[in-house]
Amino acid sequence: MKGLAWDRVVSIVLITPSVIAVAVFVYGFIGWTGWVSLSKWDGLRPNYDLAGWVNFDRLLNNSRFQIDVRNTIVFTLLFLAACLIIGLLLAILLDQKIRGENLFRSLFLFPMAVSFIVTGVVWRWLMVPSSGLNTLFAAAGLDFLKSAWYTSPTVLHIQPESGLAQVLARVGLGGLASPNFGLPLALISIVIAAAWQMSGFVMAMFLAGIRGIPEELRDAARVDGASEVQVYRHVVLPLLKPVTLSAAIVLGHISLKIFDLVASLSKQGPGFATDVPAFFMFQTTFQGDHFAQGSAIAVFMLLSVSLLVIPYLVYNIRREIEV
Amino acid sequence: MTLRASRLALYGVLLAFAAFYLLPIYMLLITGLKSYAEVNLATMWQLPSALSFDSFRQAFEKLGPNFINSIQLTVPATLISAMLGSMNGYILSKWRFKGSEVLFPLLLFGMFIPYQSILIPLVQTLQQMRLYGSISGLILVHVVYGIPITTLIFRNYYATVPSELVEAAKIDGASLLGIYRWILFPISLPAFAVVLIWQFTSIWNEFLFAVVVTQNPATQPVTVALYNLAGSYIVEWNVQMAGALLAALPTLLVYVLLGRFFVRGLLAGALKG
Amino acid sequence: MFWKNRWLSVAGILAVSAILLAACAPAAPAPKGQLQIFSWWTTGGEAAGLDNLYKIYNEQFPDVEIINATVAGGAGFEAKAVLKTRMLGGDPPDSFQVHMGHELIDTWVTTGQFMEPLDSLYQQEGWNNIFPAGVLEIVSQDGHPWSVPVNIHRANVLWYNTAILEEHNLTPPTTFDEFFEVAETLQDAGITPLALGDVGIWASTHLFETVLIGTLGAEDYRGLWTGETDWNGPGVREALENMKQMLTYVNDDHAALSWDQANDLVINGTAAMTIMGDWVDADYVAKLGTKEYQGFGWAPPPGNAGIYDALSDTFGLPANAPNREAAIEWLRLVGSKAGQEAFNPVKGSICARTDCDASLFGPYLRSAMQDWTRDSIVPSLAHGAAASEGWVTAIHDVMTVFVTDGDVAQAQAGLANACVDAGVCS
């Protein structure tokens, strides 16, 4: 008994450094950043005098930040769609008793082992407008695929004079017909590079999910006369929902935080077409010396990630406690 | 016959995707093996007319010291965070205490936060600790922010070890550390492999902390040096590509040799609950 | 009066004793160890000029190991970020490159004890009589000099391909109306009138500053930085309109190119003109292989005649420089005639000193040396002389959007806001 009490003490002593480190470096620092975001710290010397909500006010009225919010939403949607579709497709293809499955799987997954910086540098070269993929497309007779890539300033949006815009205006949504709700073409370059890096990971998750489904379930469906397509549609896909959710959360929090890839591939892009909050925060804080303003951006980023992750964590923990 | 055709189509699609994933590597190799004179936009897809290892030599001259920095950073940071994670995972799975099930998700949250939200205080604190700008400072940062993921992987792994084993040892009078030393540690190899590979890869590839904490070119890891190389006025694509390959080599090597554990780390990191 | 005189006499005594000390005192032991010089000069003439300085330094002080700490990218944009975190992190280099003007003063001097004043060095070397009064004024704050200028660059130059202009019977445009006429003619002939490379957005800001000068004139342009000229006024609006129209004559892929790649378009004849600082001269020298290159000419951009839009690279002494002695010797070299004559002809800039040998320079720089003595001098915006870095960053952001959407009203409001945020306008 005495030994057990002693072990209890030892266990607390062993875990305490980690707990303190996380308490300070995660929670303490988040509080500190929150304070800075409300302060007057503008310039190299710290100034912790309270300024109130000024920094948030200015941020919300800042056109660069508004563009960043649009970019983050567009990027997240496209990136999630690309990764989930490609990942699921590859997982299903690899599930067809493929010769050389291991080799294919390794090929699809290796970009995960590479730094975003390397990815950015390579794709920047591949998507140089005056050559690269454009030359390849031209040689293949696919001229319509040629693009200015990450240097394109174009933002696709509903034209204010178009019929659709007038219909929208009638239902009070006329504001949607503006570049603020558009798709910046340059972002597609970032999506391609990011999907190149991350889609293999989604494939691995889906493949693990598919392999985790008992073969008897599928056999039972086949016995009932279901075709292979129907087996996937009615047996496999519904069982992959939890995996899809996990993948979406992982991809989502990566896309809300994306920084390295943008910094090395295109930076803010023409007219901020590829700018993201993480890059804006980096420039505002470490190039513009606007520390309070930078902290306000960081707080926004934290809030957006928390909205995504906290429900997921709570859900997981609940489930674990129930089990 | 249609079956055969659909099999062919299947392989066709897989090969097309394989080409897509390999395209950048192909480009890295052919550009990196060209000489500066031969790199030009018009002929970018052509194979080098003669193999030139000049670019790699130049890239190594420029990035070599940073490559060493990356090793000096990654190796200790990986080992320390694996040990810490193992201890934490052991206690959180086999020595639960009041509040440990609350503590765990609070720890986990730390791996999801955008690091921008702790960057400014981090810089201030490292300055106070006189660790700012040094590799040791960066090691500390990676160890601390590695606690959540390493703890998670070990905790999930140890959770699969039957608690009866531990209970029996307790009754036999084994202490906490004794049980770890003689029962859990010897069977932890797979979890260590996963954690070591995961941490090695992520720390080697990391950029944000590195670019903010180490500003001196002499102490920068290779990712930052590559980034700066790519930002130059005169764009020497051949050297950049050779440098990119150099920076990617260690993690690619680990992937090729130990891919199995790498995938497991990925999936563990995705919190497959 | 009494105080003033007393100060003067004290200064006089100090100056005399400094000269005496310099002359009579046994030479201080030569510095040893390391010397870390921080700059964003990584390629071409800039790097070569820096290297010339290093060579002279190493001849004088063979025991000092020079560490060339450079960070490449966008007119020092990346490097400045790196420098700041180093300075704040208590890891200063021994000396660093900084633009003369508000970039130096607002970032490093008025904010606290980041820099060491250089009074004694200026006195020892007699620089108060050798640098022009205008330059001394800009590097000084509270009566102390804070950095040593190594060169003077001119930002407002229009570079052109002479063969193309001659072929179409055109001369370099001196007004905006002339510019638009010339541009029309060129465009009809299938030539890009104006080459721009703003992958680093500073190049757009740079173009805009020459348009501001050309539209407002020297006096009103200076007033923008002191709050005397209204950012909401018709002058700035007209400048934005001019800029917008000019942007219709630039190459489509400007967002993909750097300034030197834009200049390549002028060199290979795809484009006729480019508006860029006089570091383009060094680009020609490097690419054409001679100081006396032919086929390319220079002129003031529209409306810029008689105005010298200046910037200067200077080196300062951080407080707590790890190798202070070696750094002071470095600054002594940077300000010396030998140092500036070794640096500037290669870098493609004129000396900050007034006594450099003109024969060392190529035709462009010789003409710039003449203009420098007779033109009206204004501070450059994009290169740190006119405004604080925070203000410049805000203007970059306005330009990033303006270049793509051409919304004059929104840009003008943004510029006016930036002035308020900078604390100059109210």
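Letters A, B, ... mirror the listed sequences (proteins, then strands); counts begin at 1.
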- Where do Ile118(B) and Phe25(A) land on the side chain to side chain contact (heavy atoms under 4.5 Å, CB included) test, with the steps shown first? CA-CA 7 Å; Ile118(B) 50 89; Phe25(A) 278 72; over 6 Å; no
- Query: Stepwise, does the side chain to side chain contact (heavy atoms under 4.5 Å, CB included) test hold for Tyr90(B) with Ser11(A)?
  - Reply: CA-CA 9 Å; Tyr90(B) 168 51; Ser11(A) 74; over 6 Å; no
- Task: Please test Leu14(A) against Leu177(B) for side chain to side chain contact (heavy atoms under 4.5 Å, CB included), starting from the C-alpha separation and ending with a verdict.
- Result: CA-CA 10 Å; Leu14(A) 280 176; Leu177(B) 286 173; 3.9 Å; yes
- Item | Residues Phe17(B), Phe104(A); criterion side chain to side chain contact (heavy atoms under 4.5 Å, CB included); working and verdict | CA-CA 9 Å; Phe17(B) 271 102; Phe104(A) 278 117; over 6 Å; no
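When each of Ser106(A), Ser304(A), Pro111(A), Ser306(A) is scored by its heavy-atom pairs under 4.5 Å with chain B, the top score falls to Ser106(A). Counting heavy-atom pairs closer than 4.5 Å to chain B, the top residue among Gly120(A), Gly31(A), Gly294(A), Ser199(A) is Ser199(A). Options Leu84(B), Val13(B), Thr125(B) differ in how many heavy-atom pairs under 4.5 Å they form with chain A, and the most are formed by Thr125(B). Counting heavy-atom pairs under 4.5 Å between each of Ile98(A), Val305(A), Leu89(A) and chain B puts Ile98(A) at the top. If you tally non-hydrogen atom pairs under 4.5 Å between each of Ala298(A), Ala113(A), Gly34(A) and chain B, the highest count goes to Ala113(A). Interface check for chain A: of the options Ile147(B), Val256(B), Thr201(B), the most heavy-atom pairs under 4.5 Å are formed by Ile147(B). Your options are Leu94(A), Leu103(A), Val299(A), Leu109(A), and the one with the most heavy-atom pairs under 4.5 Å with chain B is Leu109(A). Comparing Leu122(B), Leu107(B), Leu28(B) by how many heavy-atom pairs each has under 4.5 Å with chain A, the most go to Leu122(B). Chain A forms more heavy-atom pairs under 4.5 Å with one residue of Ala248(B), Gly110(B), Ser175(B) than with any other, namely Ser175(B). In terms of non-hydrogen atom pairs under 4.5 Å with chain B, the most contact-rich of Leu256(A), Leu308(A), Val26(A), Val118(A) is Val118(A).
A distance of 8.5 Å separates CG of Leu119(B) from CZ of Phe282(A), quoted to the nearest 0.5 Å. A distance of 5.0 Å separates CZ of Phe109(B) from CG of Leu302(A), quoted to the nearest 0.5 Å. Rounding to the nearest 0.5 Å gives a distance of 9.0 Å between CE of Met44(B) and CG of Leu136(A). Atom CD1 of residue Ile117(A) and atom OH of residue Tyr227(B) lie 7.0 Å apart, to the nearest 0.5 angstrom. One distance of note links OH of Tyr115(B) with CZ of Phe29(A); it measures 13.0 Å at 0.5 Å rounding. Note that OG of Ser117(B) is 4.5 Å distant from CD1 of Ile30(A), once rounded to the nearest 0.5 Å.
Both the backbone and the side chain of Ile113(B) come within less than 4.5 Å of a heavy atom in chain A. With a threshold of 4.5 angstrom between heavy atoms, Val211(B) approaches chain A through side-chain atoms but not through N, CA, C or O. Proximity to chain A (any heavy atom under 4.5 Å) is restricted, for Thr31(B), to the side chain, taken from C-beta onward. Only the backbone of Ala174(B) comes within less than 4.5 Å of a heavy atom of chain A; no side-chain atom from C-beta onward does. Residue contact with chain A, scored on non-hydrogen atoms closer than 4.5 Å, is absent for Leu245(B). Only the side chain of Ile25(B) comes within contact range of chain A, judged by heavy atoms closer than 4.5 Å. With a 4.5 Å cut-off on non-hydrogen atoms, Tyr27(A) touches chain B through its side chain but not through its backbone. In this structure, the portions of Leu14(B) lying under 4.5 Å from any heavy atom of chain A include both its backbone and its side chain. Neither the backbone nor the side chain of Leu253(B) comes within contact range of chain A; no heavy atoms are under 4.5 Å apart. With a 4.5 angstrom heavy-atom cutoff, Val141(B) does not touch chain A via any of its atoms.
No donor-acceptor pair closer than 3.5 Å links the side chain of Lys257(A) to the backbone N or O of Gln116(B). The backbone N or O of Phe116(A) lies less than 3.5 Å from no partner atom in the side chain of Asn205(B), so there is not a single donor-acceptor pair.
Side-chain contact check for Asp260(A) versus Thr223(B): every heavy-atom pair is 4.5 Å or farther apart. For the pair Val10(A)/Trp95(B), no side-chain contact is recorded, criterion being any heavy-atom separation below 4.5 Å from C-beta on. Put simply, the side chain of Leu10(B) reaches to within 4.5 Å of the side chain of Gln96(A), judged on heavy atoms. By the 4.5 Å heavy-atom criterion applied to side chains, Ile120(B) and Met281(A) are counted as neighbours. Taking the side chain as every heavy atom from C-beta outward, Thr251(B) and Phe110(A) never approach each other to under 4.5 Å. You'll find the side chain of Pro121(B) reaches within 4.5 Å of the side chain of Thr33(A), heavy atoms only. At least one side-chain heavy atom of Tyr11(B) sits less than 4.5 Å from a side-chain heavy atom of Arg99(A). Between Trp125(A) and Pro24(B), the closest side-chain pair of non-hydrogen atoms is not below 4.5 Å.
Annotation for Trp35(A): atom CH2 does not count as buried by contact number, only 12 or fewer foreign heavy atoms lying within 6.0 Å.
Shortest non-hydrogen contact noted between Trp196(A) and Phe20(B) is NE1-O, 3.6 Å.
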